[in-house]
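Below: one structure, written as C-alpha cells.
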2 protein chains.
Amino acid sequence: MRVKDENKEKSIREKAMEMIVQEGFDGLSMQKLALAAGVSPATIYIYFKNRADLLNQLFNEVEETFTKVTLADFSPEMSFKEGLWLQWKNRLKFIIDYPIHYRFHEQFRNSPLINHSDIKITPFKENMKAFVQHAVKRGEMQKVDPEIYWSIAFGTFYSLVRFHLHEKSMMNNDFKLTEHKMRQAFEMMIKSFKI
Amino acid sequence: MRVKDENKEKSIREKAMEMIVQEGFDGLSMQKLALAAGVSPATIYIYFKNRADLLNQLFNEVEETFTKVTLADFSPEMSFKEGLWLQWKNRLKFIIDYPIHYRFHEQFRNSPLINHSDIKITPFKENMKAFVQHAVKRGEMQKVDPEIYWSIAFGTFYSLVRFHLHEKSMMNNDFKLTEHKMRQAFEMMIKSFKI
DNA sequence: TCTATAAGTGAATGAATATTCATTTATATT
DNA sequence: AATATAAATGAATATTCATTCACTTATAGA
C-alpha cells in the first residue's frame, strides 16, 4: 500500500497554526489551508476528522510541547524560589522557541472553542501541587489557597511577557525580555512569599 | 424624516457581543446577528460600515466602559497601596457588572484582529503613570521599569480572576471571588513593593 | 512483476457568507 | 394634510465555506 507522507501532515499542522496566528480563527478556511500546505482539501480529511478536530489536535500538540519544555530539569523537591525561577526560565524558553505555538495557545484558551474541545490533561498540575506541598512543609511559604500563589507567581510572569509582546513584535525577532529584567521582576515578586 | 430607533443599534451591539462570547469570532455572521437582533441584515449596515467596523466599535465601546468604571473614585495622588487596592476593586466591579464586555475584551485582545483595529487611546495610561510617579516621590515604592510593577500588580489580579473563571462559570452567576480572598492575595502581592 | 490497499486528488455539492439595492415605512417639518 | 428624507427592509448577488466522492497513484508484500 501507498505509504503516508509525514511531511504532508506536518505541513498542514504548521500552516494551520500560522494562519490562525496571523488571521484568527475565522481566517482559517480549509481550502486556503490546503493551498498553503500544498495539498488537496480532501487530504486534510485523511488526517483530521473535520475542522474542529484539526483545531483540537493542534491545541493538544501545543499543550504537549508546552508541558515538555516547562518541566525540563524541574523537580517538585526543589526549593520554592529555585523551582519558581526555573519555571520562569522554562516558560520563557517555550515562548521564544515556539512563538507560534504560544500565540496560538493564547488565542485558543481565550476563545469559547476551549469549552467544546476535548483537551487532554497535562501531567503539569500534579507536579506543581507536589512542588508547593514540599515548600509549605519546609516552611518556605505560607499555606494559602493555591490560586493565590499561582496568580502571583505566574500572573506576574505572563503579564511581563505580554507587555513585551504588545510593544514590540515577537515575530520580528526583537522580542527581548532579558534575563536581567526577568530576574529583577522575579526578585520583587518573590518577596510576596516571605513569611 | 423617519427617526432613528436607538433600541435597534443597542440590540445589534448587545447580540453581537453575546454571539462572539458564546461562539467566537467565526460564530458571528451578519445574517444570524440580524436574526438575533430582530432586524434586517441591511439595517446593520446603517449603523456599521462593515463587519470589521462593527467589531472595532464594539471594542471601543468596551474600552470606554472599562476606563470609566476602573477610574471611579481614583486619584493619582492616592497612596500606592490604597490606589492599587481601589484599582483591584474597580476592575473586579467591571468584570462582575459587565461579564460579557469582559469576555469579549479578553477574546479580542488575544486575537490578531487587535492589530488591524484602530483603537482609541484611553486616558488610562496617563493616570497610572502619574500615580506611580507620586508613589516613587513619596518613597512608597522603588523606582523600576513600569512594566515590572504593572505586571506584579495587575498580572496577579487578572490571573486570580482567570482562575475563578475557569473553575466555575461566571455566566451562571456563581462567580464568587470574595473580597476576603482578593484582599489576602493583595496583601501578599503588595509585599513585593516593600523597599 | 502483479496485486491489494491506503494515500492522495480535483472537481463538485449545497449551505452559509458579507454586502447591496430597489423599495417601503415612519416621522419632523412645512 | 402634504412632503421631504432618512430609517428600515426582504430579497438578491456573487463568493466562499466545509465536506464528500469517484477516481488516480504509490508502494509493501505476494
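Labels below follow one simple rule: chain letters A, B, ... track the order of the sequence lines, proteins then strands, and each chain is numbered from 1.
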Residue list, side chain to side chain donor-acceptor pair (under 3.5 Å) with A/K93, at least two apart or on another chain: A/D97
B/S111 meets the side chain to side chain donor-acceptor pair (under 3.5 Å) criterion, sequence neighbours left out, with none
Can we say A/E23 and A/K32 salt-bridge, meaning some charged N sits less than 4.0 Å from an Asp/Glu carboxylate O?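 Salt bridge present between A/E23 and A/K32.
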Given the rule in the side-chain hydrogen bond (donor to acceptor under 3.5 Å, both in side chains) test, do B/E64 and B/N60 qualify, once you have shown the distances and angles that lead to the verdict? CA-CA 6 Å; B/E64 199 180 327; B/N60 285 328; over 6 Å; no
Just to be sure I understand the geometry, which residues of residues 38-49 of chain A put a non-hydrogen atom under 4.0 Å away from DNA chain D?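 Hits under 4.0 Å, by residue number: A/A42, A/Y45.
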Please report, to 0.1 Å, the donor-acceptor pairs under 3.5 Å made by any side chain of residues 139-148 of chain A, with sequence neighbours excluded.
| residue | atom | partner | partner atom | Å |
| --- | --- | --- | --- | --- |
| A/E140 | OE1 | A/F80 | N | 2.6 |
| A/E140 | OE1 | A/R138 | NH1 | 3.1 |
| A/E140 | OE2 | A/R138 | NH1 | 2.7 |
| A/D145 | OD2 | B/K181 | NZ | 2.9 |
| A/E147 | OE2 | B/H164 | NE2 | 3.1 |
| A/E147 | OE2 | B/K181 | NZ | 2.8 |

Please assess B/S192 against A/S192 for the test side-chain hydrogen bond (donor to acceptor under 3.5 Å, both in side chains), listing each intermediate value before the final yes or no. CA-CA 5 Å; B/S192 306; A/S192 304; 2.9 Å; yes
Rounded to whole Å, please give me the gap between NZ in B/K8 and C1' in D/dA7.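 One finds 9 Å between C1' of D/dA7 and NZ of B/K8, rounded.
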Length of the line joining B/K4:NZ and D/dT5:P, which is rounded to integer Å: 17 Å
Quick one: which residue pairs count as a ring pair (Phe, Tyr, Trp, His ring centres under 6.0 Å) with a foot in residues 28-49 of chain B, not counting sequence neighbours?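 Of all non-adjacent pairs touching residues 28-49 of chain B, none passes ring pair (Phe, Tyr, Trp, His ring centres under 6.0 Å).
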On DNA chain C, reading 5' to 3', which nucleotide is the first and which the last to sit with an atom under 4.0 Å from a heavy atom of chain B, could you check? C/dT17 to C/dA28
Do B/Q87 and B/R91 have side-chain atoms, one donor and one acceptor, less than 3.5 Å apart?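 Yes - a donor-acceptor pair under 3.5 Å links their side chains.
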Measure distances between side-chain N and O atoms of B/R2 and base N and O atoms of D/dT5, and say whether any donor-acceptor pair falls under 3.5 Å. no
Using a 4.0 Å heavy-atom cut-off, does B/L28 contact any base of the nucleic acid, only the sugar-phosphate backbone, or nothing at all? sugar-phosphate
